[in-house]
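One structure is given here, and the rest of the page talks about it.
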Amino acid sequence: MPELPEVEVVRRGLATHVVGRTIDRAQLSGDRVARRHEAGPTDLAQRLAGATVWLADRRGKYLWLVLEPPSRPAEALVVHLGMSGQLLVSPRDAPAARHTHGIFHFTDDGPSLRFVDQRTFGGLSLRPLVPDPHLAAHRTAHEPPHPYGVPSSVGHIAPDPMEGVFDRAAVVRRIRSRRTVIKRALLDQGVVSGVGNIYADEALWRAGVHGRRECSRLTAPAVDRLLGHTRAVMSEALDVGGTSFDALYVNVNGASGYFDRSLRAYGQAGKPCARCRSTIVREQFMNRSSHFCPRCQPAPRARRVAR
DNA sequence: CGTTCCTCCTGCTAGC
DNA sequence: TGCTAGCAGGAGGAAC
């Protein structure tokens, strides 16, 4: 599942293989891949033709290419990988793999870029660039991030922990004011972006915090530590994944495959906790699986049964 | 307004 | 052996 580290690996691949090239032709198949593009897939393909890729950027799990189209202002091709999306750099004439929804040919003789997605939870859309709404609130950045703005569909997404505009103290306050449990807040992309189920469970394990603890009952230092672990675990995953992907591919299922051996909570049900040897437990929560150590991450006292 | 729930999709696996 | 049910989960929009 692509979370921040995996998406960043893809972004770096795009920076290497795609930035600076001009799209000659885009072939899109099916309506679903362009469902977030209001004018539909035909319009999307037409507007991509002739556009030069200026740079590859990212916020949380959202990825975009800044395009310089002929005789129009710069705009962004927004790519979300969803659960199973991949961007592949493939020889121009290679046959389309199963679940290929988009093929981009360039004006040079180099390889094509392809969007492949089994479940098509991901997709593509073209959006105008708007001023970054999170930049206005940020006063101390030495180098303004996203100086050209962000895609209009990304405005509601909070900065991720790797960004210069990420204001950790403000996020601590925001989380503590939420009337919900901590794992839900950590997964809310409007609070802190880039975190999915895997790294949420890992960060909670490292911090020794149970995911069902109420946000308002956690101390500010505890939330601050949790955010530190969140950043650290994603940074470590990026270090592993960012050095081991095949140059032919922009992404091969992201970095999590290489990071698997470092997971201490996610997918470890029935195995001993690396800290205290208690057995890691898995339970359903928010219609998602959660993995935790019952000793290191004590559950909150049972809440009064709401009625 | 903030929060929670439901749905989209396909491939794999567990269980009968 | 072959079938089905269940599970994986990001995100947007509906519902409360």
- request: Would you please confirm or rule out a distance under 4.0 Å between OP1 or OP2 of C:dG9 and any side-chain N or O of A:Ser84?
  value: no

message: Between the base of C:dG10 and the side chain of A:Arg288, is one N or O donor paired with an acceptor at under 3.5 angstrom?
response: yes

- prompt: Aromatic rings A:His156 and A:Tyr62: how do their planes relate, parallel, tilted or perpendicular, breaks at 30° and 60°?
  reply: perpendicular

statement: Among C:dG12, B:dG11, C:dG9, the one nearest any side-chain atom of A:His156 is C:dG12

message: Any side-chain N or O of A:Arg98 below 4.0 angstrom from OP1/OP2 of B:dG11?
response: yes

Interatomic distance, A:Gln284 CD vs C:dA5 C1' [rounded to whole Å]: 14 Å

message: Can you measure A:Arg35 atom CZ to B:dC9 atom P for me and round it to whole angstrom units?
response: 9 Å

query: What is the minimum heavy-atom distance between A:Arg92 and A:Arg114, and which atoms define it?
result: O-NH2, 3.3 Å

- request: Starting from P on B:dC5, measure out to CG on A:Leu187 and report it in whole angstrom.
  value: 14 Å

statement: Here the pair of heavy atoms bringing A:His80 nearest to A:Phe115 is O-CZ, 4.0 Å

- prompt: For DNA chain C, whose closest nucleotide is more 5', that of A:Ser153 or that of A:Met83?
  reply: A:Met83

- prompt: Quick one: are A:Ile198 and A:Glu6 in side-chain contact, heavy atoms under 4.5 Å?
  reply: no

- prompt: Less than 4.5 Å apart, any side-chain heavy atom of A:His101 and any of A:Leu124?
  reply: no

- request: Answer yes or no: does a side-chain N or O of A:His99 lie under 4.0 Å from OP1 or OP2 of B:dG11?
  value: yes

query: What's the CD-C1' distance between A:Gln118 and B:dC9, to the nearest Å?
result: 10 Å

- request: Measure the shortest side-chain to side-chain distance between A:Gln268 and A:Leu263 over non-hydrogen atoms and say whether it is less than 4.5 angstrom.
  value: yes

query: Between C:dG9, B:dT3, C:dG10, which one does the side chain of A:Arg179 approach most closely?
result: B:dT3

- prompt: What stems, by residue range, does DNA chain C take part in, given at least 3 consecutive Watson-Crick or G-U pairs under 3.5 Å?
  reply: B:2-16 with C:2-16

field: Polar contact flag, side-chain donor to acceptor under 3.5 angstrom, A:Thr52-A:Thr22
entry: yes

Nearest-Å distance for atom pair CD/P, residues A:Gln189 and C:dG12: 9 Å

- prompt: In whole angstrom, what separates A:Arg58's CZ from C:dG10's P?
  reply: 16 Å

message: Between P on B:dC8 and CZ on A:Arg36, what's the gap in Å once rounded to a whole number?
response: 13 Å

Verify stack between A:Phe121 ring and C:dA11 base, 5.5 Å, 30 degrees: no

- prompt: Side chain of A:Thr180: nearest nucleotide among B:dT4, C:dG9, C:dA11?
  reply: B:dT4

- request: Measure the distance from CZ on A:Phe115 to P on B:dC9 and round it to the nearest whole Å.
  value: 15 Å

statement: Nearest heavy-atom contact between A:Phe285 and A:Arg212 is CE1-CG, 3.5 Å

Phosphate OP1/OP2 of B:dC8 contacted by A:Arg32 side-chain N/O (<4.0 Å): no

message: So, does A:Arg178 get its side chain near the phosphate of B:dT4, meaning an N or O under 4.0 Å from OP1 or OP2?
response: no

